[in-house]
Structure formats: C-alpha cells, structure tokens
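In each ligand, atom 1 is the first atom listed, and ligand 1 is the first ligand listed. Not measured: the values here are computed from a predicted model.
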Amino acid sequence: MAMEAWFMDDSNEHPRLPHRLNPKELLPLDKLAELGVLYWHLNPKNYENDEELRHIRETRGYNYMDLIDIRPEKLENYEEKLKNFYTEHIHGDEEVRYCLEGSGYFDVRDKEDRWIRIWIKAGDLIILPAGIYHRFTLDTSNYIKLMRLFIGEPVWTAYNRPQEEHPARKDYIKNLNEEVGLQYPLEAH
Ligand SMILES: CSCCC(=O)C(=O)O
Ligand SMILES: [Fe+2]
C-alpha cells in the first residue's frame with residue numbers, strides 16, 4: 001500500500017486522530033515531490049541487509065544512522081519530546097526518517113500554507129527538505145520505531161516558526177519558486 005497523504009481539517013480534535021478533510025480524496029504523491037518531499041517504500045524487515053537502502057544511503061551520503069523508539073518506556077523525556085515534535089519547525093538540514101514499525105503523521109505545509117498530513121507506516125522512508133515547515137505526531141497506534149539518517153554528524157536542532165530569515169528557509173523558498181525542476185542539473189551551453 002502506497003503512503004497516503006491528505007489535506008488536514010482544522011478541527012480541534014486530538015492531533016493523533018486522522019483529521020481527514022475529505023475521506024475519499026487523497027493527495028497525489030507527486031504533489032509532495034513539488035514541495036521537495038521524497039519517499040521510498042522498502043522492506044522494513046530487511047533493514048539490516050537491504051541493498052536498496054544501502055544504495056539510497058550511499059548516493060545521498062547518509063553515513064550516520066540511528067534508531068529511535070517512540071514509546072514512554074523507551075524514549076527519555078517522552079512527553080516533552082512529543083510536544084516539541086508537534087511544534088511547527090524547520091531544520092537547517094534534511095529530515096530523513098525510515099519507519100520500521102508502527103506508524104505516525106508527518107505534517108508539512110504546502111505552498112499555500114495548508115497542512116498536508118502524511119501517514120508513515122512500516123517500510124516508508126521519507127525525506128523532508130531543509131527549510132520546510134513541518135511537525136510530527138504519533139497516530140492512535142501510539143507507537144513508532146524510526147531509523148534516522150543524516151549526512152555527517154547529526155544536528156537535530158529545530159527552529160520554531162516563524163523562521164523567514166533563516167538561510168535554510170530562504171533557500172527552500174527560492175527553490176520552490178524556481179519552476180524549472182530543482183532536482184535536475186541544468187545543461188551547460
Ligand atoms: C522523531 S521524528 C519526527 C520529529 C521531527 O520533526 C524532528 O525530529 O525534528
Ligand atoms: Fe523536524
């Protein structure tokens with residue numbers, strides 16, 4: 001099953017509920033690509049031995065890896081961390097997360113500043129670009145195990161919104177506004 005994403009409603013229900021605006025209408029995943037959000041579906045049972053994962057890590061330079069188990073017994077300062085994860089923020093670098101078990105929601109802002117909710121389940125690997133406003137919450141399963149990947153020494157610093165003057169934010173906005181695909185190198189003439 002491909003990863004699902006949808007526009008969020010703005011009800012005051014608990015954040016761990018789905019907040020679907022329109023139950024039948026999912027957001028096409030190429031809309032996420034337009035925002036610079038990338039994803040792969042891999043076999044989560046095979047993460048220690050996965051050629052595809054190895055290839056992604058090698059081509060993108062993710063030499064750092066750790067695992068994070070988000071449940072009260074396993075994560076220090078659980079409540080505080082979850083509160084921070086759900087506070088809208090950016091990072092100076094990509095946020096790369098690979099779901100090995102459980103599930104949860106990454107919410108990202110689109111170009112019109114609407115929340116898009118992305119439902120991450122076992123096997124989903126997602127890359128949020130530096131400078132994108134986002135947040136994270138568990139869903140009603142109340143559990144997720146994630147692999148975190150990073151280029152070099154990891155920096156997890158979150159800069160809470162507003163961050164319009166942050167260099168990563170400015171870069172991100174600049175890339176969004178360049179209609180010619182930022183993913184592809186331009187041909188030299
Ligand atoms: C623990 S993964 C999701 C939370 C987040 O956005 C972050 O760690 O910066
Ligand atoms: Fe983050």
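- Residue F106 approaches ligand 1 through these ligand atoms, each under 4.0 Å from one of its heavy atoms: 3 (C).
- The closest donor-acceptor contact from the side chain of K145 to the backbone of L67 lies at 3.5 Å or more, if one exists at all.
- Follow the hydrophobic side-chain contacts under 4.5 Å out from I127 and you reach Y47 in the same cluster.
- Atoms of ligand 1 found under 4.0 Å from any heavy atom of H91 (numbered from 1 in listed order, with element): 7 (C), 9 (O).
- Looking at atom 2 (S) of ligand 1, its nearest protein heavy atom turns out to be R97 NE, 3.1 Å.
- No other N/O/S atom of H91 lies as close to the Fe ion (ligand 2) as NE2 does.
- Within the set Y86, Y105, W156, F85, the minimum heavy-atom distance to atom 4 (C) of ligand 1 is found for F85.
- Listed by chain and residue number, W156 satisfy the ring-ring contact (aromatic ring centres under 6.0 Å, His included) test with F150 (two or more places apart in sequence, or in another chain).
- Near E95, with a cut-off below 4.0 Å to any heavy atom, the atoms of ligand 1 are 3 (C), 4 (C), 5 (C), 6 (O), 7 (C), 9 (O).
- Heavy-atom distances between H89 and ligand 1 reach below 4.0 Å in at least one pair.
- One finds no salt bridge joining K83 and E80 here, because no Lys/Arg side-chain nitrogen approaches an Asp/Glu carboxylate oxygen to under 4.0 Å.
- Neither the backbone nor the side chain of R135 comes within 4.0 Å of ligand 1, counting heavy atoms alone.
- Of the listed residues (N84, N160, D107, T87), just one forms a side-chain hydrogen bond (donor to acceptor under 3.5 Å, both in side chains) with R135, and that residue is D107.
- Under 3.5 Å, the side chains of Y172 and Q163 contain no donor-acceptor pair of N or O atoms.
- Of all the heavy atoms in R117 and P15, the pair that sits closest is NH1-O, 2.9 Å.
- Residue H134 approaches the Fe ion (ligand 2) most closely through its N/O/S atom NE2.
- Remark: side-chain polar atoms of R97 are not paired, donor with acceptor, to backbone N or O of I126 under 3.5 angstrom.
- E95 has its closest N, O or S atom to the Fe ion (ligand 2) at the position named OE1.
- Under a 4.0 Å criterion applied to the non-hydrogen atoms of H134, ligand 1 contributes the atoms 6 (O).
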